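Worksheet for the structure shown next.
Here the structure is a predicted model, which means the values were calculated and not measured.
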Amino acid sequence: MGHSITALFKHEAAGGVILVAAALFALIIANSPAFGLYQMVFDMPVTISIGAFSIDKPMLLWINDGLMAIFFFLIGLEVKREVLDGHLSSPQKVALPAIAAIAGIMVPALFYAAFNYHDAVTFKGWAVPAATDIAFALGVFSLFGRALPITLKLFLLSVAIFDDIGAIIIIALFYSADMSLLSLSVGLAGLCILFLLNRFNVAKPAAYLVVGVVVWAAVLKSGVHATLAGFAIAWFIPLKPTFDGSTQSSSSMLLKLEEGLHTWVAFLILPVFAFANAGVRFIDADVILMPVVIGIIAGLFVGKQLGIFGACWLAVKLGVAKLPAGVTWLQVYAVSILCGIGFTMSLFVGSLAFEGYSSEYLDSVKIGVLSASLLSACLGAVIISLARKKQEQ
């Protein structure tokens, strides 16, 4: 367990740097003569057909619906492992990060709503500042928070996991289109088959892969966002060691998949998503002053830290939860600020919230998320460096 946590932090720290580089590259291209080519590539239609069944989407949506489904699959694997056999498996360890994450979702949403309640369209983005980018946040933590307690890192990871669960619930409830009962039935049937594969200890990953692809395609056609299929499929991957013939495997299928996917997600999937979604042209001052931008910055940069730190302080003072061992209030505040780095998850929710609307809305989401994430990263780096110096004294 300790080795997997250490490997995760190494992956996410390096992945955070790659994420920033991908986003900066997208911004440079978007504000250069190559912007037309950038748009053309991601607007290019891509079609896959099998008989009468076909999926026809632009490249951007293949990235957002396909590659991000793999990202959510990895989240599902992590959540299942941590809940069943990790540091979220006991109520004592769960209480504080769960409370912090709930407040870290609700308070930023309220901040956003305060600036956008009067407009039915802009109000659709209320969940954009509710998300936290774990790769970026852990990257800043690892760069500036060396020598701080491992319990603080685990607290940040736990808050981010609960935050991801909250984002998944929000996407399922508020950002799904009209439902197709036939497609949903196919998806549910696929999940039932995955349950049976797990129940009978089937040790062949290919069996889960084939059924998983069918479930993803069915959910994509159903009106429920396809990334949710990735999260659901993960819960049917066996955690316990499975049997292959007469020999028991040395580790579980879930752990092997989780370890194998971390590198691909951190160094390819998330950077590709960031590159495809972060490109915005800084040519219209009116967009920068839109309520969407102000609401996102207020929610991520102010609402996140107030919600998370305030909820932690109240929970500890009321005796509902305890601070992690060796962790100070200054360190908790630093982590609260880092949770204001929304980046990939916020951009993703924004793409769902304003899908089908004028590009002006999505541009405002990009500007708000990038600005708030940069502010949170810079202030978080300063405070966590200060906390580290106090720890070393």
Side-chain angles (χ1 to χ4, degrees), residues 64-65 68-84 86 88-89 91 94-113 123-135 137 156-180 183-184 187-188 190-191 194 212 215-216 218-220 222-237 273 295-296 299-300 303-304 307-308 311 339-355 365 369:
N64 291 358
D65 294 346
M68 288 300 282
I70 300 174
F71 170 63
F72 276 83
F73 176 71
L74 178 60
I75 290 175
L77 295 177
E78 292 175 343
V79 171
K80 178 176 179 178
R81 173 178 54 77
E82 295 294 351
V83 169
L84 297 182
L88 297 181
S89 58
V94 166
L96 191 63
I99 292 170
I102 292 171
I105 291 172
M106 294 178 61
V107 176
L110 290 173
F111 267 80
Y112 180 92
F123 187 77
K124 292 179 180 291
W126 63 269
V128 173
T132 293
D133 188 307
I134 183 57
L156 172 58
L157 178 62
S158 301
V159 173
I161 287 174
F162 280 113
D163 189 280
D164 287 339
I165 294 173
I168 288 164
I169 293 172
I170 288 170
I171 291 169
L173 294 179
F174 299 102
Y175 296 121
S176 293
D178 296 331
M179 305 293 179
S180 166
S183 297
L184 276 179
L188 289 173
L191 292 178
L194 289 174
V215 171
W216 173 81
V219 173
L220 180 67
S222 73
V224 177
H225 201 271
T227 52
L228 301 179
F231 184 81
I233 292 166
W235 282 82
F236 297 95
I237 302 300
F273 173 85
I296 291 173
L300 278 174
K304 274 286 186 182
I308 292 176
C339 287
I341 302 174
F343 208 49
T344 50
M345 285 298 290
S346 291
L347 289 174
F348 180 67
V349 173
S351 71
L352 300 181
F354 296 112
E355 186 175 359
V365 168
V369 169

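- Every ring pair (Phe, Tyr, Trp, His ring centres under 6.0 Å) that Phe343 has, sequence neighbours left out, goes to Phe136.
- When the side-chain contact (heavy atoms from CB on, under 4.5 Å) test is applied to Ile237, the partners found at least two apart in sequence or on another chain are Phe73, Leu77, Tyr208, Met253, Leu254, Leu257.
- Of all heavy-atom pairs between Gly104 and Pro108, the closest is O-CG, 3.0 Å.
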Do Thr227 and Phe71 pass the side-chain contact (heavy atoms from CB on, under 4.5 Å) test, and can you show the C-alpha distance, the side-chain angles, and the key distance before you say yes or no? CA-CA 8 Å; Thr227 52; Phe71 170 63; over 6 Å; no
Go through the steps for Val79 and Trp235 under the test side-chain contact (heavy atoms from CB on, under 4.5 Å), then give the verdict. CA-CA 9 Å; Val79 171; Trp235 282 82; 3.4 Å; yes
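- Residues Tyr175 and Val349 meet the side-chain proximity criterion, which asks for heavy atoms closer than 4.5 Å.
- Interatomic distance, Ile161 CD1 to Arg81 CZ, rounded to the nearest 0.5 Å: 7.5 Å.
- Here the closest non-hydrogen pair linking Val107 and Gly303 is CG1-O, 3.5 Å.
- Residue Phe123 comes nearest to Ala113 through the heavy atom pair CE1-CB, 3.7 Å, listed as atom of the first residue, atom of the second, then distance.
- Considering only residues two or more places apart in sequence or on other chains, Leu220 meets the side-chain contact (heavy atoms from CB on, under 4.5 Å) condition with Ile55, Lys57, Asp65, Trp216, Ala226.
- With a 4.5 Å cut-off on side-chain heavy atoms, Ile170 and Trp126 count as touching.
- Residues passing the ring pair (Phe, Tyr, Trp, His ring centres under 6.0 Å) test with Phe354 are Tyr361, sequence neighbours excluded.
- Proximity of a side-chain donor or acceptor of Lys304 to a complementary backbone N or O of Ala130 within less than 3.5 Å is detected.
- Remark: Asp164 engages no residue in a side chain to side chain donor-acceptor pair (under 3.5 Å) (not counting sequence neighbours).
- Shortest non-hydrogen contact noted between Val159 and Cys339 is CG1-SG, 4.0 Å.
- When the side-chain contact (heavy atoms from CB on, under 4.5 Å) test is applied to Ala103, the partners found at least two apart in sequence or on another chain are Ala311.
- Closest approach of Ile296 to Val365, counting heavy atoms only: CD1-CA, 3.7 Å.
- With sequence neighbours left out, Ser158 forms a side chain to side chain donor-acceptor pair (under 3.5 Å) with His87.
- With Leu347 as reference, Val369 is the one residue of Val369, Val128, Asn64 to meet the side-chain contact (heavy atoms from CB on, under 4.5 Å) rule.
- Between Phe72 and Phe348, the ring-plane angle classifies as tilted under the 30° and 60° cut-offs.
- Distance check: Phe231 CZ to Glu78 CD gives 10.5 Å after rounding to the nearest 0.5 Å.
- Note that the CE atom of Met345 and the CE atom of Met68 stand 6.5 Å from one another [nearest 0.5 Å].
- When the side-chain contact (heavy atoms from CB on, under 4.5 Å) test is applied to Phe162, the partners found at least two apart in sequence or on another chain are Leu88, Val94, Pro97, Ala98, Ala101, Ile165.
- Applying side-chain contact (heavy atoms from CB on, under 4.5 Å) to Asp163 and the options Ile102, Thr132, Asp133 leaves one that passes, Thr132.
- Side chain of Lys124 to backbone of Ala353: no donor-acceptor contact under 3.5 angstrom is found.
- By the ring pair (Phe, Tyr, Trp, His ring centres under 6.0 Å) test, Phe111 is found to be paired with no residue, residues two or more places apart in sequence or in another chain being considered.
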